[in-house]
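Encoded as structure tokens, the structure appears first; notes follow it.
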Amino acid sequence: MSDRHIVIGHKIKGIRESKQLSVSEISERTGLSEAQINSIENDEHLPSLGPLIKVARALGVRLGTFLDDNDELGPVVCRATEREESISFSNDSTDARKHMEYFSLAKEKAGRHMEPFIIDINPNEDNSYKLSAHEGEEFIFVMSGDVEVVYGKETYHLKEGDSIFYDSIVEHHVHGFEGKSAKILAVIYVPI
């Protein structure tokens, strides 16, 4: 388990406790089970973005609050050599593979409304995946490899240099085309 999981679970629990909210209240507000909330807070399971966004909204904070390290109000520069720490999201089940590694490009920026990431999509021959949906918008630019985006009932094959912008309220899933690896730039906007 990475140190990043510990920081995120710890932050979620700390924010919940500071707002004097119980696990059952967060469960009620998010539609997630109490077991899921406990699992997240205890660093046993880091869910996909959809449930994490629900938790953020239930706590009345931005998704980025879970990733923030500083409170920089001015511009933030993220050097390629400084992108060492990543976050892995599963696909909504505790035994799911971690098919993507997220490298935050703005974790020091306070008050942001967008979440920019470089995402390494790991190769995977398992064709099973669960679609997710959450409020907001997503922009994806394929930096290398081929990517498949399932969006509602449509499937889009994107090659290097291609991009897609969509409303993330529609169920979707992003993965490497034919199970191969890829690298994307993703910008996620979630309204508070």
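Computation of the quantities below employed the complete heavy-atom set of this structure, encompassing side-chain atoms and omitting hydrogens, waters and symmetry-equivalent molecules.
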From [atom1] ([X]) to [atom2] ([Y]), nearest 0.5 Å:
| X | Y | atom1 | atom2 | result |
| --- | --- | --- | --- | --- |
| I53 | I188 | CD1 | CD1 | 6.5 Å |
| E171 | L131 | CD | CG | 5.0 Å |
| L59 | T30 | CG | OG1 | 9.0 Å |
| E135 | S168 | CD | OG | 8.5 Å |
| H134 | R57 | NE2 | CZ | 11.5 Å |
| I15 | H10 | CD1 | NE2 | 10.0 Å |

Are [X] and [Y] packed together at the side-chain level, in the sense that at least one heavy-atom pair is separated by less than 4.5 angstrom?
| X | Y | value |
| --- | --- | --- |
| L52 | I12 | yes |
| E148 | H175 | yes |
| D146 | V142 | no |
| E41 | R16 | yes |
| F139 | I164 | no |
| Y166 | I140 | yes |
| V187 | E138 | no |
| H157 | V149 | no |

Evaluate side chain to side chain contact (heavy atoms under 4.5 Å, CB included) for V190 paired with M114, printing each intermediate quantity in order. CA-CA 7 Å; V190 181; M114 300 181 297; over 6 Å; no
Taking side-chain hydrogen bond (donor to acceptor under 3.5 Å, both in side chains) as the test, write out the residues that go with E25, two or more places apart.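 E25: side-chain hydrogen bond (donor to acceptor under 3.5 Å, both in side chains) contacts with S22.
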If the condition is side-chain hydrogen bond (donor to acceptor under 3.5 Å, both in side chains), which residues does Y156 pass it with, not counting sequence neighbours?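 Expected list: none.
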Can you check whether [Y]'s main-chain N or O pairs, donor with acceptor, with [X]'s side chain at less than 3.5 Å?
| X | Y | result |
| --- | --- | --- |
| S181 | P123 | no |
| S27 | L32 | yes |
| D162 | K159 | yes |
| S39 | A35 | no |

Any idea how Y151 and H172 line up, ring-wise: parallel (<30°), tilted (30 to 60°), or perpendicular (>60°)?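 Rings of Y151 and H172: tilted, as their planes differ by 30° to 60°.
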Greater than 12 external heavy atoms within 6.0 Å of E28's CD: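 Atom CD in E28 is not crowded, with 12 or fewer foreign heavy atoms closer than 6.0 Å.
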Are F177 and L185 grouped together when hydrophobic residues (ILVMFWY) are joined by side-chain heavy atoms under 4.5 angstrom apart?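 F177 does not cluster with L185.
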Aromatic ring centroids of Y189 and H113 under 6.0 Å?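 No.
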Electrostatic pair D120-K183, nearest N-O below 4.0 angstrom: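 Salt bridge between D120 and K183, a charged N being under 4.0 Å from a carboxylate O: yes.
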Please report the shortest heavy-atom distance between I169 and A133, naming the atom on each side.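 So the minimum-distance heavy-atom pair works out to O-CB, 3.3 Å.
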